[in-house]
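Beneath this line is the structure, given in structure tokens, with notes to follow.
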Amino acid sequence: MLTSSPLSHLSEVESWSSSKDLRSGALASNHRTSFSSSISDSDRPRGQGVEPAYSFVGMHCIFDQCKSAVTVLKFGHMSSDLLAYGASDGTLTVCNVSDPPTVINQLQGHSKDVTDFDFSSNNQYIASSSADKTVRVWELSKGLCIRVIYGVSPQLCIRFHPVNNNFLSVGNANKEITVFNFSTGRVIAKSIFDSEVTSMDHDHTGHLIFCGDAQGCIYSVTMDSRTGALSRSHRYRSSSKQKFPITTVQYRSFSLLAGGPVLLTCTKDGSLSFFSVALEVQGYLTLRCSLKLTPRIHSIRASFCPLLSLNKGEYIVAGSEDSNVYFYDLTRPKHTCVNKLQGHRFPVLVVAWNHGENFLASADLYGVVIVWKRAKTS
């Protein structure tokens with residue numbers, strides 16, 4: 001079932017802000033290089049109103065035909081309306097969110113959880129990884145699986161090379177990143193790590209892969225864009241005594257706060273970290289700020305917010321086990337929350353922005369996907 005209701009009665013968009021107006025222009029990073037903060041997901045900052053860049057008019061549409069937890073959710077590359085999500089029952093659902101919202105295909109083939117997927121740069125293909133130890137390649141126009149690559153352990157994260165889509169990088173539970181030839185399915189290169197590789201992302205050039213493992217370490221890996229060869233460059237270890245898997249690694253090519261490229265990571269215990277990336281030193285990471293949320297039972301992923309209001313702060317959005325979607329400004333040691341969306345009835349596991357930045361999708365433990373429509377901003 002799919003419903004399209006901009007003013008759905010299910011939609012209660014609650015907005016609030018901290019007591020310090022975001023437009024004051026006082027960025028924490030002007031005075032310090034990093035800070036950390038511990039807050040509850042339900043912390044309600046007091047103040048005058050929501051950060052205007054992240055206010056919403058309600059729900060655009062709801063997809064609820066999936067009956068199991070949505071594990072990964074993404075819009076197509078440079079696309080405002082192509083949306084796909086993978087679930088713990090092994091299905092991949094491909095949708096169009098433009099009016100009228102429709103389900104294009106439900107791709108069936110994986111026998112266990114879809115752990116990750118990625119669109120090719122032209123959105124003609126999806127490559128998916130699964131706990132069933134396989135990687136599958138799907139041709140979207142036909143809704144067909146055109147290749148299955150069998151592994152010896154659960155395949156946990158996957159990315160197309162951003163420049164050379166013939167390279168497909170996959171992190172697995174066997175402590176490896178494997179680079180496959182997309183056209184033939186053959187292995188091109190491998191790199192061994194200290195623990196299961198649970199999440200990854202490329203930089204915009206494709207020369208670097210950033211990945212996180214099951215022990216909370218983050219690695220910078222150089223990749224030859226001609227041969228696919230990999231070599232480990234740097235490892236960042238958390239100072240925390242307890243080690244938790246990295247659930248999110250997301251790269252962004254520029255941040256005003258950092259004055260260059262940045263990396264966002266999220267761990268299963270609810271720790272968010274924001275790093276400066278030194279591309280000239282093979283992706284060396286410097287921690288700029290961090291935020292500790294309520295510890296999680298489920299693996300919850302986070303995302304950078306759009307670039308629109310970076311001059312005011314550094315915003316990220318994440319789901320929560322209290323069924324809300326929260327927006328945080330990582331530059332604030334206190335009153336970090338700047339907005340929340342209410343509409344789900346179960347823990348929200350994944351979130352994703354579309355290319356036009358006018359839609360935010362969120363998905364929960366019972367398979368409901370809500371596409372939220374952002375208010376127009378000047």
Side-chain angles (χ1 to χ4, degrees), residues 1-18 21-23 41-65 70 73-76 78-85 93 95-103 301-320 322-329 335-364 366-378:
M1 179 185 168
L2 181 153
T3 57
S4 177
S5 174
L7 299 175
S8 168
H9 67 280
L10 292 173
S11 173
E12 180 190 346
V13 184
E14 183 171 312
S15 300
W16 27 267
S17 173
S18 81
D21 194 307
L22 286 171
R23 286 161 291 189
D41 287 333
S42 57
D43 272 6
R44 291 192 52 157
R46 302 168 199 162
Q48 316 274 317
V50 66
E51 156 56 37
Y54 299 114
S55 57
F56 289 77
V57 295
M59 295 179 186
H60 173 67
C61 61
I62 302 169
F63 298 97
D64 64 353
Q65 67 276 17
V70 174
L73 172 76
K74 292 181 183 180
F75 282 92
M78 306 297 284
S79 173
S80 295
D81 50 19
L82 180 64
L83 175 69
Y85 52 93
T93 304
C95 311
N96 190 315
V97 304
S98 60
D99 291 324
T102 53
V103 174
R301 308 192 194 206
S303 173
F304 281 118
C305 283
L307 295 168
L308 181 67
S309 49
L310 270 184
N311 59 329
K312 301 172 187 170
E314 191 63 59
Y315 298 106
I316 67 102
V317 59
S320 170
D322 67 6
S323 77
N324 297 320
V325 177
Y326 287 92
F327 297 78
Y328 303 105
D329 180 359
H335 304 309
T336 312
C337 251
V338 296
N339 198 10
K340 76 175 177 181
L341 304 178
Q342 296 177 302
H344 289 277
R345 297 174 55 203
F346 303 101
V348 179
L349 305 183
V350 282
V351 291
W353 290 96
N354 73 337
H355 174 67
E357 301 176 351
N358 56 321
F359 290 131
L360 173 73
S362 57
D364 67 31
Y366 281 80
V368 174
V369 175
I370 297 177
V371 179
W372 307 87
K373 190 169 186 178
R374 191 161 151 199
K376 290 183 178 178
T377 56
S378 57

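Just so you know, residue 1 is the first one in the sequence shown, and it goes up from there.
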For the backbone of Tyr315 and the side chain of Asp329, can you confirm whether one donor and one acceptor N or O come within less than 3.5 Å of each other? no
Heavy-atom pair with the smallest gap, counting every atom of Val351 and Ser303: CG2-CB, 4.0 Å
Where do Ser80 and Phe359 come nearest, in terms of heavy atoms and distance? O-CD1, 3.8 Å
Lys74 vs Val350, side-chain contact (heavy atoms from CB on, under 4.5 Å): CA-CA, chis, key distance, verdict: CA-CA 9 Å; Lys74 292 181 183 180; Val350 282; over 6 Å; no
Would you say Asn354 and Leu83 make side-chain contact, with heavy atoms under 4.5 Å? no
Between Thr102 and Phe63 the two heavy atoms that sit nearest each other are O-CE2, 4.0 Å
Can you list everything that forms a side chain to side chain donor-acceptor pair (under 3.5 Å) with Ser362? Sequence neighbours excluded, please. His344, Trp372
Is the shortest side-chain heavy-atom distance between Leu360 and Val325 below 4.5 Å? yes
Within-4.5 Å side-chain heavy-atom neighbours: Tyr54 and Val317: no
Mind checking the OH-CG spacing from Tyr366 to Leu349? Nearest 0.5 Å is all I need. 11.0 Å
Quick check: do Phe346 and Ser323 have side-chain heavy atoms less than 4.5 Å from each other? no
What one should report as the nearest heavy-atom pair of Ser98 and Asn96 is OG-OD1, 2.5 Å
Closest heavy-atom contact between Cys305 and Phe327? SG-CD2, 3.9 Å
If every non-hydrogen atom of Asn324 is compared with every non-hydrogen atom of Lys340, which pair is closest and at what distance? ND2-NZ, 3.8 Å
Approximate separation, where rounding is to 0.5 Å, of Ile316 CD1 and Phe304 CZ: 9.0 Å
Rounding to 0.5 Å, atoms CG (Leu341) and CE (Met59) come to a distance of 9.0 Å
Rounded to the nearest 0.5 Å, what's the gap from OH on Tyr328 to OG1 on Thr336? Could you check? 8.5 Å
